[in-house]
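Residue numbers run from 1 in the order of the sequence given. Hydrogens, waters and symmetry mates play no part in the numbers below; they use all other heavy atoms, side chains included. Numbering of ligands and ligand atoms starts at 1, following listing order.
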Amino acid sequence: MKVLVIGGGGREHALAWKLAQCERVQTVFVAPGNGGTAADPALHNVPITDVVELADFAIAEKVALTVVGPEAPLAAGVVDLFRARGLRIFGPTQAAAQLESSKAYAKDFMQRHGIPTALYATFTDAQAAHAHVDEHGAPIVIKADGLAAGKGVVVAETLAQAHQAIDDMLGIHGPGTQPSRGAARVVIEEFMTGEEASFIVVCDGRNVLTLATSQDHKRIFDGDLGPNTGGMGAYSPAPVVTPNVHARVMQEIIHPTIAGMAKDGAPFTGFLYAGLMIDEQGRPRTVEFNCRLGDPEAEVILMRLKSDLFELLMRATDGTLDQAELQWDRRIALGVVMAAHGYPATPRKGDVISALPRSTPELQVFHAGTTLADGVLATSGGRVLCVTALGDSVRQAQQLALDAVRQVRFDGAQWRNDIGHRAIKH
Ligand code: AMP
Ligand code: GLY
């Protein structure tokens with residue numbers, strides 16, 4: 001069977017790598033892919049990003065299953081389009097993808113269905129937003145509505161930062177001023193304390209199967225300092241999700257979400273990612289929903305998945321997930337992202353990459369922002385590689401990943417040396 005993976009980051013490299021190992025899978029196309037998927041003889045890059053052309057390609061090639069990595073094509077309706085043309089595709093419809101693409105939709109949904117999350121209010125009017133912030137004080141969280149790849153969120157420690165964020169997102173609507181190019185709507189939220197974790201499930205519209213838990217590291221620098229990024233590293237499992245927390249997440253967040261989406265006429269099919277905040281008492285609340293696998297969470301989760309991913313996704317697209325079961329490697333997977341010079345603000349492209357370590361069953365180098373041209377591998381995006389290792393402890397997996405990271409050469413490479421720190425006992 002032929003499979004098509006849409007996307008070109010580390011998550012899609014990991015998906016393609018895993019799918020290529022499946023018994024019934026003969027060919028894996030990746031559109032558009034990256035330098036890593038280009039270099040792998042088991043994978044075939046397809047230089048297409050337009051969703052209509054992708055559907056044409058899937059029909060022409062008799063692709064049995066398409067898997068969508070990133071949120072943008074989902075929000076653009078790629079699943080609706082493929083289904084309308086009789087193609088099997090795994091992911092949420094455009095309507096269901098609003099759980100990620102619109103923060104206001106997600107917050108309203110959670111409130112309507114009693115799903116625990118931070119208190120919030122939605123504003124289009126800057127004056128009202130400023131007044132709300134003055135009333136509630138700092139710390140407070142300001143979010144632009146719409147897909148912003150994690151960059152549309154300001155966790156304001158002070159009132160001044162909160163007011164600035166509102167001006168940046170809504171524009172200053174005073175006499176004689178122009179509204180800025182920012183979002184048309186902001187969500188202002190209560191600041192939640194606790195530890196974050198990524199909780200991702202596979203859904204077929206009705207049934208749910210949980211994937212292994214994981215934890216991302218969003219800040220660029222060691223010690224969780226510096227600006228937010230798409231994610232600088234992850235590990236799985238996340239010990240903060242104890243069996244008790246796991247049960248509460250399923251009962252209080254996941255099941256009500258799946259039931260609520262079905263009830264609202266937008267049954268959720270695809271990977272559903274609940275970003276959690278778990279407080280001292282083990283109470284989970286939802287920070288956000290994503291309608292896809294996380295990146296770099298996918299790399300560590302798929303490194304631990306022992307079951308056949310193709311069979312799983314076929315069941316998920318047949319609506320028979322209740323008959324599936326997953327097997328996991330009991331070891332810890334830990335991925336360290338190597339980012340380009342200037343990331344996250346202004347990542348530089350074109351730095352030549354060399355000295356990549358050889359893959360082993362315990363070590364995989366997933367590519368993200370890389371290109372391969374005339375045999376030369378170079379950087380082409382903010383996050384360049386995700387070096388992922390399996391170990392018997394978090395420390396061992398971290399050591400193995402970092403040893404490999406330190407071999408890799410490209411100018412300006414940035415990475416964190418403390419991925420997994422919350423799970424390492426000092
Ligand atoms: P989001 O894009 O909604 O996931 O937000 C990005 C990051 O901002 C999250 O991973 C959290 O670290 C932080 N964040 C978002 N909302 C809140 C909140 N209500 N309280 C505390 N931290 C938050
Ligand atoms: N790593 C966070 C995300 O994929 O949204």
### Query
Once the angle between the rings of Tyr235 and His217 is folded into 0 to 90°, is it parallel (under 30°), tilted (30 to 60°) or perpendicular (over 60°)?
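Tilted, since the angle between the ring planes falls between 30° and 60°.
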Heteroatom distance test ([X], ligand 2): nitrogen or oxygen, under 3.5 angstrom:
{"X": "Asp295", "answer": "yes"}
{"X": "Arg292", "answer": "yes"}
{"X": "Glu297", "answer": "yes"}
{"X": "Gly294", "answer": "no"}

Ion pair check, [X] and [Y], cut-off under 4.0 Å:
{"X": "Arg292", "Y": "Glu100", "value": "yes"}
{"X": "Asp418", "Y": "Arg416", "value": "yes"}
{"X": "Lys218", "Y": "Asp224", "value": "no"}
{"X": "Arg285", "Y": "Glu190", "value": "yes"}

### Residue portion contacting ligand 1 (non-hydrogen atoms closer than 4.0 Å) for Val155
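For Val155, only side-chain atoms sit under 4.0 Å from ligand 1.
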For [X], counting its heavy atoms only, list the atoms of ligand 1 lying under 4.0 Å from any of them.
{"X": "Lys103", "value": "1 (P), 2 (O), 3 (O)"}
{"X": "Val141", "value": "16 (N), 17 (C), 18 (C), 19 (N), 20 (N)"}
{"X": "Lys218", "value": "10 (O)"}

### Task
Just do the side chain to side chain contact (heavy atoms under 4.5 Å, CB included) check on Met169 and Ile142 with the steps written out, would you?
CA-CA 9 Å; Met169 291 178 198; Ile142 321 289; 3.9 Å; yes
### Query
Is the gap between the ring centers of His341 and Phe410 under 6.0 Å?
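Centroid separation for His341 and Phe410: 6.0 Å or greater.
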### Protein contact of atom 2 (C) of ligand 2 - nearest heavy atom, named by residue and atom, plus distance
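Scanning the protein heavy atoms, the shortest distance from atom 2 (C) of ligand 2 goes to Asp216 OD2, 3.3 Å.
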### Query
Are any of the heavy atoms in Arg11 under 4.0 Å away from ligand 2?
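The answer is no, since Arg11 has no heavy atom less than 4.0 Å from ligand 2.
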### Query
Which of the atoms of ligand 2 are close to Gly230, meaning less than 4.0 Å from one of its heavy atoms?
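Counting from 1, the qualifying ligand atoms are 1 (N), 2 (C).
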#### Entry: Ligand-side contact atoms (ligand 2) for residue partner Asn290, heavy atom cut-off under 4.0 Å
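Every atom of ligand 2 under 4.0 Å from some heavy atom of Asn290: 5 (O).
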### Message
I'd like to check the side chain to side chain donor-acceptor pair (under 3.5 Å) partners of Lys349; sequence neighbours left out, ordered by chain and number.
### Response
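Testing Lys349 for side chain to side chain donor-acceptor pair (under 3.5 Å), a comparison that skips the adjacent residues, returns none.
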#### Entry: Option whose closest heavy atom lies nearest to atom 20 (N) of ligand 1, chosen from Met192, Lys143, Glu196
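Nearest option to atom 20 (N) of ligand 1, by heavy atoms: Met192.
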### Message
Do Leu309 and Val25 make a side-chain contact, defined as non-hydrogen atoms from C-beta onward lying under 4.5 Å apart?
### Response
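The answer is no, as the side chains (C-beta and beyond) never meet within the 4.5 Å cut-off.
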